[in-house]
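The first residue in the sequence is number 1, and the count goes up from there. Indexing begins at 1, ligand by ligand and atom by atom, following the structure's order.
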Amino acid sequence: MAASASYNLLSTPSLKKQISSSSLSWRLPLSSTFRVSIAAPRPKRAATFIVLAMDAKPTVLVAEKLGQAGLELLKGFANVDCSYNLSQEELCTKISLCDALIVRSGTKVTREVFESSGGRLKVVGRAGVGIDNVDLSAATEHGCLVVNAPTANTVAAAEHGIALIAAMSRNIAQADASVKAGKWQRNKYVGVSLVGKTLAVMGFGKVGSEVARRAKGLGMHVIAHDPYAPADRARAIGVELVSFDQAISTADFISLHMPLTPATSKILNDESFAKMKKGVRIVNVARGGVIDEEALVRALDAGVVAQAALDVFTEEPPPKDSKLVLHENVTVTPHLGASTVEAQEGVAIEIAEAVVGALKGELAATAVNAPMVPAEVLSELAPFVILAEKLGRLAVQLVAGGSGVKSVKVTYASSRAPDDLDTRLIRAMITKGLIEPISSVFVNLVNADFTAKQRGLRITEERILLDGSPENPLEFIQVKIANVESKFASAISDSGEITVEGRVKDGIPHLTKVGSFDVDVSLEGSIILCRQVDQPGMIGRVGSVLGGENVNVSFMSVGRIAPRTHAVMAIGVDEEPNKEALKKIGDIPAIEEFVFLKL
Ligand SMILES: NC(=O)C1=CN([C@@H]2O[C@H](COP(=O)(O)OP(=O)(O)OC[C@H]3O[C@@H](n4cnc5c(N)ncnc54)[C@H](O)[C@@H]3O)[C@@H](O)[C@H]2O)C=CC1
Ligand SMILES: O=C(O)C(=O)COP(=O)(O)O
């Protein structure tokens, strides 16, 4: 019988790669959780992986209009439910049947949505940049990955910004409405020129820098404010980075391109309008919430702000009687920044690829609430990822009582410089191994740190830099649990902590130390650890008890501190021995203690 282990897709990001690179049989996992059966490696080491799909296909709910190419891509992998304009209640009802949700800016993905998903929702894809409509903390707490499509609509948003600057400065929208109303008001709609005017780009990221580049082409003098943008990137396109106050007080035009965060919320307010040049013009293609809209109405009425052009609003759609929208010096569009044919096709493909990749267990490069680990790093870390989870599982099962674990120290021994070894994935998997056997919580790369913190589990990491070739990412991983008693006293090392250590040998994780005893047993199946008086015949006696109960032994290894004193025997078993078999092992006179551990 094959031993089996459950993996969550998000926690085993490179499993697929690992499987295919070993020419193993692979059937696409089509559910959010799937079962991998690993036949014990006898008589050869070549393992057989059989992936058993639990559901037919994952279900992706597309809650807002998405480009056709993206939909086709999704349909090749999942059941796709396109349901637009859902109420919050309808969304919460549907979500419990969905593995992934794709939205644009019009859907609020609230905590309630994650709670209603009952743990099934594994990925939220935001088909665009801004993720302010997704409750990221709730997503993380529920172990749900959030991915976005950050690049495909950049140019569209920048072009819309330029279009609004030009339209506003020449009164295009107002003049158009006037002509259509039968008027011919040439004197009323005299505009202002752009050439030679100072444009302050607030937020010099992807969109902001494209706006800057285009505005320079129009002959504008461009300055920018962005506390996090590198000065050399700005210099490269001839833009000077300045302070917030300098930007807003010297600009003739201010264009907003920062994300909506607690720090940027209402960043343009009464106080900042008071510092602006009289007659300044404001453009917002970022998020409505970065402007205090009531303060903007006051600044428009006072003539401090001559005109504003707005694509985005605090509330979308804005109230029909919004003073801001109806203001004669304001030009508005209904959040059209990303709405070009080209951008929507691009965004749809970008998000569909990210969501499908995440459902397959690959980590999307555009993950918003999880570490981004490049594919090549993932593939080389794959066996260590499995080792890490198993060490965590072993260590916590050695704790007497199991629940008092508060302080865990992880040591990574590697010949690689710390900068060349990203351990976040390994740490997450150790956390998963530590928490899952003693709780009903489901842990993955997204929620590992959060879950550990929530449970008061402090994980400290230490690196040992080894001499030698940095070809292998890691030599060994050691997990120590402090301040606990062990149900297997020999697992407590000289330093007083439960200690387990493992290595990867020929691509297979091995347990190589328990407490102060060196052992060597492949981490497949389950393990029995016995401490015995070191004397001849012990392996045979334990082996024959297990054989008598039809339990197949895959590995055995004895570690001792000195001959004929005490030894620890680690026995890998394919099946779980029944109580009777375990009792018989315990009854062998030289056995001082033993423990059965599930991997
Ligand atoms: N209207 C629309 O349809 C669209 C709107 N957007 C919005 O445009 C904004 C920018 O998008 P991207 O350029 O793609 O994002 P990005 O992440 O590339 O750039 C944002 C920049 O804002 C900067 N920033 C952060 N806090 C700041 C602060 N307090 N002051 C000044 N700068 C700050 C960041 O350092 C970053 O460089 C986002 O809010 C996004 O949601 C993007 C695409 C379409
Ligand atoms: O990408 C963004 O941030 C946008 O604001 C675009 O929003 P949308 O996808 O058009 O609803």
Side-chain angles (χ1 to χ4, degrees), residues 62-67 70 84-85 102-109 124-134 146-164 200-214 223-231 233-234 237 239 241-248 251 254-269 272 283-291 309-314 316-317 332-348 350-351 354 366 368:
V62 178
E64 288 181 71
K65 192 156 171 22
L66 197 66
Y84 308 145
N85 302 318
I102 295 184
V103 297
R104 287 176 59 185
S105 62
T107 307
K108 299 249 176 297
V109 190
V124 171
R126 174 12 181 154
V129 183
I131 30 90
D132 44 287
N133 53 325
V134 180
V146 179
V147 288
N148 70 350
T151 57
N153 68 20
T154 300
V155 167
E159 287 178 349
H160 199 65
I162 293 293
L164 286 179
V201 171
M202 310 299 282
F204 195 70
K206 294 184 293 294
V207 178
S209 50
E210 289 303 323
V211 166
R213 213 188 293 276
R214 284 160 177 73
I223 55 175
H225 168 69
D226 187 327
Y228 315 107
R233 189 154 57 81
I237 51 176
V239 171
L241 282 177
V242 297
S243 69
F244 179 82
D245 279 359
Q246 199 181 341
I248 61 166
I254 295 174
S255 194
L256 298 166
H257 300 289
M258 67 260 282
L260 176 60
T261 64
T264 62
S265 174
K266 297 190 178 175
I267 200 165
L268 294 197
N269 49 34
S272 36
V283 182
N284 190 4
V285 192
R287 282 295 177 268
V290 301
I291 298 181
L310 310 171
D311 183 46
V312 283
F313 304 87
T314 305
E316 292 185 359
V332 289
T333 48
H335 202 146
L336 290 181
S339 295
T340 62
V341 173
E342 296 83 354
Q344 281 313 306
E345 280 302 299
V347 162
E350 200 177 358
I351 202 63
T366 60
V368 175

Could you walk me through whether Val211 and Ile162 pass the side-chain contact (heavy atoms from CB on, under 4.5 Å) check? CA-CA 7 Å; Val211 166; Ile162 293 293; 4.2 Å; yes
Go through the side-chain N and O atoms of Asp311 and Thr333 and say whether any donor and acceptor fall under 3.5 Å apart. yes
Do NZ/NE/NH1/NH2 and the carboxylate oxygens of Glu210 and Lys206 come within less than 4.0 Å? no
Smallest separation among heavy atoms of Ala251 and Ala200, with atom names: CB-CB, 3.5 Å
Looking only at heavy atoms, which two atoms of Val312 and Val285 are closest? And how far apart? CG2-C, 4.1 Å
Given a heavy-atom cut-off of 4.0 Å, could you list the residues near ligand 2 in chain and number order? Arg104, Ser105, Arg126, Ala127, Gly128, Val129, Gly130, Asn153, Arg287, His335, Ala338
Using atom types as modelled and distance alone, determine if a side-chain donor or acceptor of Glu316 lies under 3.5 Å from a backbone N or O of Phe313. yes
Note: Leu241 and Ala234 closest approach over all heavy atoms is CG-CB, 3.7 Å
Going by the side-chain contact (heavy atoms from CB on, under 4.5 Å) test, name the single residue among Leu164, Asn284, Leu256, Val283 that passes it with Leu310. Asn284
Does ligand 1 have any N/O atom under 3.5 Å from a protein N/O, and what are those pairs and their distances?
{"from": "ligand 1", "atom 1": "1 (N)", "to": "Val285", "atom 2": "O", "distance (Å)": "3.0"}
{"from": "ligand 1", "atom 1": "1 (N)", "to": "Asp311", "atom 2": "OD2", "distance (Å)": "3.0"}
{"from": "ligand 1", "atom 1": "3 (O)", "to": "His335", "atom 2": "NE2", "distance (Å)": "3.3"}
{"from": "ligand 1", "atom 1": "3 (O)", "to": "Gly337", "atom 2": "N", "distance (Å)": "3.3"}
{"from": "ligand 1", "atom 1": "3 (O)", "to": "Ala338", "atom 2": "N", "distance (Å)": "3.1"}
{"from": "ligand 1", "atom 1": "13 (O)", "to": "Lys206", "atom 2": "N", "distance (Å)": "3.2"}
{"from": "ligand 1", "atom 1": "13 (O)", "to": "Val207", "atom 2": "N", "distance (Å)": "2.8"}
{"from": "ligand 1", "atom 1": "18 (O)", "to": "Lys206", "atom 2": "N", "distance (Å)": "2.9"}
{"from": "ligand 1", "atom 1": "18 (O)", "to": "Lys206", "atom 2": "NZ", "distance (Å)": "2.9"}
{"from": "ligand 1", "atom 1": "35 (O)", "to": "Asp226", "atom 2": "OD1", "distance (Å)": "2.8"}
{"from": "ligand 1", "atom 1": "35 (O)", "to": "Asp226", "atom 2": "OD2", "distance (Å)": "3.2"}
{"from": "ligand 1", "atom 1": "37 (O)", "to": "Gly205", "atom 2": "N", "distance (Å)": "3.4"}
{"from": "ligand 1", "atom 1": "37 (O)", "to": "Asp226", "atom 2": "OD2", "distance (Å)": "2.6"}
{"from": "ligand 1", "atom 1": "39 (O)", "to": "Met258", "atom 2": "O", "distance (Å)": "3.0"}
{"from": "ligand 1", "atom 1": "41 (O)", "to": "Gly130", "atom 2": "N", "distance (Å)": "3.4"}
{"from": "ligand 1", "atom 1": "41 (O)", "to": "Arg287", "atom 2": "NH1", "distance (Å)": "3.4"}
{"from": "ligand 1", "atom 1": "41 (O)", "to": "Arg287", "atom 2": "NH2", "distance (Å)": "3.3"}

Heavy-atom closest pair (Pro150 atom, Val129 atom, distance to 0.1 Å) is O-CG2, 3.9 Å
